[in-house]
Amino acid sequence: MTPQELTAAFLDAYGPGRPLTLVKSPGRVNLIGEHTDYNDGFVFPMAIGPHILLAGRARTDGKIVARSTLKIDGKPAGAVEFSLNEPITTGSPSWGNYVRGAVAMLKRKGVPLVGMDVLIDSNLPSGGGLSSSAAMEVGVGRLILALSGESMDNLPLALLCQTAEHEFANTPCGIMDQMIVASGVAGHAMLLDCRTKEPTFAPLGNDATVVVVNSMVEHKLGGDDHGGVGEYEKRRKSCEAGVAYFQKQNPAITHLRDVTLEQVNAAKADLDDVIFRRCRHVVTEIDRCLKFAELLKAGDLTNAGRLMYASHASLRDDYEVSVEELDFLVDTASKLDGVYGSRMTGGGFGGCTVSLVKPAAAEKFLADIAAAFQAKYGKDPVRFATPATDGTAVIG
Ligand code: GLA
């Protein structure tokens, strides 16, 4: 929907009244640096064109009423209602947990908040691994802050939204998604040091187009609703087991960020094979991420692209978070003209690939990769080229 259409839909749903506040909150792709954020490493994401749009208006009774224009499993998403004057907990419909979580964390922080009516629209595929949940959390956060006449910097807001994801969506994520969604800069990717939380914005230039292709395998990182541990959390625990081993050698080691590849290789005989490979992925991926940023700066897209393929192989073989459809998309991309590099992006177990493609080859790339995927899996993959966009902002 356009902002005008969403405004009209809001007035339909909630009736006339004071002017609305509109917030736009983008999704993200990560160019490289995967499963490194919770290891205090580096990531290199950018905000993308597809986004969530929120329209809101303050209420005086402390209630939050949220509706969505989207259908879930073919049915209307259902309204979410809760009060700032009562403890905020998870509930149904489950999409509302992102709204509840973001509001609850701001309230816990002691920010004086007003109630609000909000209508949410999205052209970001949910379950596509493009951070629709972070877009929702940060978008809700920015909206209620604006309606309450409060301000907050991007980093503290991203940290609160990360906690919301942990506590309200049962996903023990790192800081990458909320941080890039909150603080993206148009035309730039963000090299984030996840230890200091210090971002450096790197211009993407005009020599490569970023293309996203969805494997159409729904990505799910959280545990189940019965306390089951998801694959994402298992990966985190393997990294912690690696840290526990290296810490015995050197107590100053607190994260895999502090470990070198030489140390990992030297520990091969001592470590369980799975933990060894998880550690090897993280340590090599942090290195690839830093090298990628340097190569991009130097305009060496050919070698930057090679690092994307290497990242994918490491995520597939050592970290084991890829799926066949993602491997197929990367393999297909590697055979098409004008492609610098391609890899799965985000947490994995489905979701999307990101490819760097020569601008003149992008259109044909999109058509060819879709045809190949269709021929193999009988599905038309969601796909798009995207510039790097600005992070979440009040737009009206
Ligand atoms: C998900 C998490 C991020 C990050 C990636 C993997 O997107 O939300 O914090 O760990 O997976 O890089």
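Excluded from the calculations below are hydrogen atoms, water molecules and symmetry mates; all remaining heavy atoms, backbone and side chain alike, are included. Keep in mind that this is a model prediction, so the values were computed, not measured. We count ligands from 1, going down the list as the structure has it; atoms in each ligand are counted the same way.
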Enquirer: Look at the rings of Phe373 and Tyr377 and say which category their plane angle falls in: under 30° parallel, 30 to 60° tilted, over 60° perpendicular.
Expert: tilted

Enquirer: May I ask you to list the atoms of ligand 1 that are less than 4.0 angstrom from any heavy atom of Asp37?
Expert: 3 (C), 4 (C), 9 (O), 10 (O)

Enquirer: Does Glu320 pair with Arg278 as a salt bridge, N-O distance under 4.0 Å?
Expert: yes

Enquirer: Considering only heavy atoms of Cys173, which atoms of ligand 1 have at least one such atom less than 4.0 Å away?
Expert: 2 (C), 8 (O), 9 (O)

Enquirer: Looking at ligand 1, does any of its N/O atoms fall within less than 3.5 Å of an N/O of Thr36?
Expert: no

Enquirer: Say whether His35, considering both its backbone and side-chain N or O atoms, lies within less than 3.5 Å of an N or O atom on ligand 1.
Expert: yes

Enquirer: Just jot down the ligand 1 atoms closer than 4.0 angstrom to any heavy atom of Met176, in number order.
Expert: 4 (C), 5 (C), 12 (O)

Enquirer: Using a strict cut-off of 4.0 Å, indicate which atoms of ligand 1 neighbour a heavy atom of Gly174.
Expert: 9 (O)

Enquirer: Just to verify, which of Lys63, Arg67, Arg59 counts as forming a salt bridge (Lys or Arg N to Asp or Glu O under 4.0 Å) with Asp117?
Expert: Arg59

Enquirer: Looking at ligand 1, would Arg28 count as a contact under a 4.0 Å heavy-atom criterion?
Expert: yes

Enquirer: Of the non-hydrogen atoms in Val99 and Trp95, which two are nearest, and what is the gap between them?
Expert: CG2-CZ3, 4.0 Å

Enquirer: Any nitrogen or oxygen of Tyr38 lying under 3.5 Å from a nitrogen or oxygen in ligand 1? Just yes or no.
Expert: no

Enquirer: Angle between ring planes, His35 versus His281, binned at 30° and 60°: parallel, tilted or perpendicular?
Expert: perpendicular

Enquirer: So if I apply the side-chain contact (heavy atoms from CB on, under 4.5 Å) rule between Asn39 and each of Leu256, Asp258, Val259, which one comes out positive?
Expert: Leu256

Enquirer: Should we say atom NZ of Lys268 is surrounded by more than 12 heavy atoms from elsewhere, each under 6.0 Å from it?
Expert: no

Enquirer: For ligand 1, is there an N or O atom under 3.5 Å from any N or O atom of Gly346?
Expert: no

